[in-house]
S.K.: 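Quick one: the structure is below, and I'll ask about it shortly.
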Amino acid sequence: MTRKSITTESCKQLLETFYANPRLTNVQKLVFSGVGNRDVYNITAPFQYDGEEVILGRVEERDSEFSQVFFFTCKNQVWSPRIHTHTYNLQDPCMTIIKGELIIGGVEVITAVDNPSKIVSWITQFYRGFQIDSLCHFSSGPGTMKDIRLIELNDGKVGVFTRPQGARGGRGQIGFTIINTLEELNEQTFINAEILSEQFVSEEWGGANEAHLLGNGHVGILGHIACFDTLGNKHYYSMVFSINPETCEKTPMKIIAARSDFPRGPGKRPDLEDVIFSGGLIRSGNGRAVLSVGVSDAEAYQIEIPDPFMEYEE
């Protein structure tokens, strides 16, 4: 099948379109307790478990990259660690449900043998189980690959989104493949995934952060597109696109949120001031959606926006 060619647009071009279309938004900062003076950011979208809302969040000292992932529940608009629940020495959590089973992922940092404070690589780790309190490790990604995401497709197979770098992926491209079951999820699966072409200009990069099964069987991707400026500062934006999993035909990307949507606040470092991390999206069913994000690697917010996936289902 011949796939339609799409024009690859840079962050600057996508931002021009984004700012040219005013949106009605509602922004809320999430409040956390029970973690001392540590920051909580890069959260997942809330999900229902055992009759309550739960989110996963990255918990970290402001001057450190060594983090833990906590499960949080909410009472009186304050999110606190879920009682008697295991934490994971990971960054940037993600979650999905596949055949009724909870799938949790996160990034493990790898340190130098002779210098435990020096991070030299990272590996995405996956855990599965039907109960939060009995998750078991079942798969690891290749070294240096973040932003691996899974989704159950209409036919029961599992879609796998990857993010190779280096010789195949430059600063970071999105790959995609399909496996029959979670038992096939291994390092070779991630390495062999087909790269989705024409998504990022060579100086920029991006990745998938969450996958949504749409009403027409296509997959909507919530992700990020990122670039450096001339001073070496990073700029991350929330973006979406959709893909036909049978043909890998995809829509152009569009930016749906930027750091300017949120109040000024603390950041982990000056070069991360203009960064938002797309954590997850809840579609409300009324043409609106709530996006959960980490902001400047220091805070967590939710923003209500127009449902960005509706046009892909028309």
Side-chain angles (χ1 to χ4, degrees), residues 25-36 38-60 67-88 90-107 126-135 149-152 208-214 220-223 238 240 256-257 261-263 265 276-295 298-309:
T25 64
N26 182 30
V27 176
Q28 179 182 11
K29 180 181 176 179
L30 274 64
V31 178
F32 294 88
S33 69
V35 294
R38 289 178 289 179
D39 295 323
V40 182
Y41 65 103
N42 292 6
I43 57 172
T44 65
F47 60 96
Q48 291 291 322
Y49 177 82
D50 200 21
E52 60 184 352
E53 274 195 328
V54 178
I55 63 172
L56 290 139
R58 175 174 173 171
V59 181
E60 190 175 270
S67 63
Q68 292 179 290
V69 166
F70 280 62
F71 289 83
F72 291 94
T73 57
C74 191
K75 184 176 182 180
N76 298 326
Q77 297 187 312
V78 176
W79 293 89
S80 303
R82 186 175 181 268
I83 60 170
H84 308 307
T85 302
H86 182 65
T87 62
Y88 298 80
L90 302 171
Q91 300 177 344
D92 303 339
C94 62
M95 67 77 56
T96 190
I97 303 291
I98 296 179
K99 297 191 181 304
E101 199 169 7
L102 181 64
I103 311 298
I104 298 297
V107 177
F126 286 99
Y127 299 79
R128 63 189 290 187
F130 289 97
Q131 305 291 329
I132 284 178
D133 301 313
S134 58
L135 301 177
R149 298 295 186 266
L150 313 176
I151 184 171
E152 183 177 352
N209 294 97
E210 188 182 57
H212 289 251
L213 188 63
L214 304 182
I221 302 302
L222 169 68
S238 291
V240 295
I256 61 168
D261 286 320
F262 304 93
I276 59 172
F277 180 89
S278 309
L281 187 94
I282 299 294
R283 306 180 69 192
S284 303
N286 60 355
R288 306 288 290 173
V290 176
L291 174 66
S292 296
V293 298
V295 173
E299 297 180 304
Y301 276 88
Q302 291 177 334
I303 179 171
E304 186 190 46
I305 59 174
D307 185 340
F309 291 137

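Numbers for residues simply follow the sequence, beginning at 1. From a predicted model like this one, the values you see are computed outputs, not experimental measurements.
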S.K.: Could you tell me whether the side chain of Pro81 reaches within less than 4.5 Å of the side chain of Val35, counting heavy atoms only?
M.R.: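 Of all side-chain heavy-atom pairs linking Pro81 with Val35, at least one is under 4.5 Å.
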S.K.: Which heavy atom in Asn209 sits nearest to a heavy atom in Ser278, and how many Å separate them?
M.R.: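 Of all heavy-atom pairs spanning Asn209 and Ser278, the closest is CB-O, 2.9 Å.
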S.K.: Mind listing the closest non-hydrogen atom pair of Asp133 and Arg82 along with its distance?
M.R.: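 Between these two residues, the closest heavy atoms are OD1-NH1, 3.1 Å.
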S.K.: Heavy-atom count check: over 12 atoms from other residues, nucleotides or ligands less than 6.0 Å from Gln77 CD?
M.R.: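 Incorrect, the count does not exceed 12.
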S.K.: To the closest 0.5 Å, what do you measure between CD (Glu299) and CZ (Phe262)?
M.R.: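 If I round to the nearest 0.5 Å, the distance is 10.5 Å.
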S.K.: Take the angle between the ring planes of Phe32 and Phe72 and call it parallel below 30°, perpendicular above 60°, tilted in between.
M.R.: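 The rings of Phe32 and Phe72 stand perpendicular, inter-plane angle above 60°.
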S.K.: What's the spacing between Ile282 CD1 and His212 NE2 if we round to 0.5 Å?
M.R.: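 Here the interatomic distance stands at 7.0 Å.
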S.K.: Looking at Ser238 and Ile276, what are the two nearest heavy atoms and their distance?
M.R.: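 So the two residues come closest at OG-CD1, 3.5 Å.
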S.K.: For the residue pair Leu222 and Leu291, establish whether any side-chain heavy-atom pair is separated by less than 4.5 Å.
M.R.: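 Side-chain contact under 4.5 Å: yes.
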S.K.: To the nearest 0.5 Å, how far apart are CD in Glu53 and SG in Cys74?
M.R.: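 If I round to the nearest 0.5 Å, the distance is 7.0 Å.
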S.K.: In Å, rounded to the nearest 0.5 Å, how long is the span from CD1 of Ile221 to CG of Leu214?
M.R.: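 Answer rounded to 0.5 Å: 8.5 Å.
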S.K.: Taking all non-hydrogen atoms of both residues, which atom of Val240 and which atom of Pro308 are closest, and how far apart?
M.R.: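 Looking at all heavy atoms of both residues, the closest pair is CG2-CB, 3.9 Å.
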S.K.: Would you mind telling me which of Ile55, Ile97, Thr96, Leu102 makes a side chain to side chain contact (heavy atoms under 4.5 Å, CB included) with Phe47?
M.R.: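 Of the listed residues Ile55, Ile97, Thr96, Leu102, the side chain to side chain contact (heavy atoms under 4.5 Å, CB included) partner of Phe47 is Leu102.
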S.K.: Can you give me the closest heavy-atom contact between Ser292 and Ile43, atom names plus distance?
M.R.: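 Result for this residue pair: CB-CD1, 3.8 Å.
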S.K.: Does the side chain of Phe309 reach to within under 4.5 Å of the side chain of Ile256, using non-hydrogen atoms?
M.R.: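 No; the side chains remain at least 4.5 Å from each other.
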S.K.: Stepwise, does the side-chain contact (heavy atoms from CB on, under 4.5 Å) test hold for Leu213 with Glu152?
M.R.: CA-CA 8 Å; Leu213 188 63; Glu152 183 177 352; over 6 Å; no
S.K.: Just wondering, do Asn42 and Gln91 contact through their side chains at under 4.5 Å, heavy atoms?
M.R.: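 No; the side chains remain at least 4.5 Å from each other.
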S.K.: Look only at the side chain of Glu304 and the backbone of Arg288, and say whether a donor-acceptor pair between them is shorter than 3.5 Å.
M.R.: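 Not confirmed, Glu304 side chain does not pair with Arg288 backbone.
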S.K.: Would you find a donor on one side and an acceptor on the other, under 3.5 Å apart, between the side chain of Tyr49 and the backbone of Ile132?
M.R.: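 Side chain of Tyr49 to backbone of Ile132, a donor-acceptor pair under 3.5 Å: yes, one is there.
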S.K.: Does some side-chain heavy atom of Trp79 sit less than 4.5 Å from a side-chain heavy atom of Val40?
M.R.: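 No, every pair of side-chain atoms sits at 4.5 Å or beyond.
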S.K.: Salt bridge or not between Lys99 and Glu101? Use side-chain N to carboxylate O under 4.0 Å.
M.R.: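 No, no charged N to carboxylate O under 4.0 Å.
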S.K.: Find the distance between CD1 (Ile98) and CD1 (Ile103) and round it off to the nearest 0.5 Å.
M.R.: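 The CD1 atom of Ile98 sits 5.0 Å away from the CD1 atom of Ile103.
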S.K.: Is any side-chain heavy atom of Leu56 less than 4.5 Å from a side-chain heavy atom of Phe71?
M.R.: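 Yes, side chains in contact.
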S.K.: To the nearest 0.5 Å, how far apart are CG in Leu90 and CZ in Phe70?
M.R.: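 Taking CG in Leu90 and CZ in Phe70, the distance rounds to 12.0 Å.
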S.K.: When the ring planes of His86 and Tyr88 are compared, do they come out parallel, tilted or perpendicular, using 30° and 60° as the limits?
M.R.: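 Plane angle over 60°, so perpendicular.
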S.K.: Minimum heavy-atom separation for Glu60 to Ser67, with atom names?
M.R.: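 Closest approach of Glu60 to Ser67: OE1-CB, 3.1 Å.
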S.K.: Would you indicate whether the side-chain heavy atoms of Lys29 and Pro263 approach each other to under 4.5 Å?
M.R.: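 Of all side-chain heavy-atom pairs linking Lys29 with Pro263, none is under 4.5 Å.
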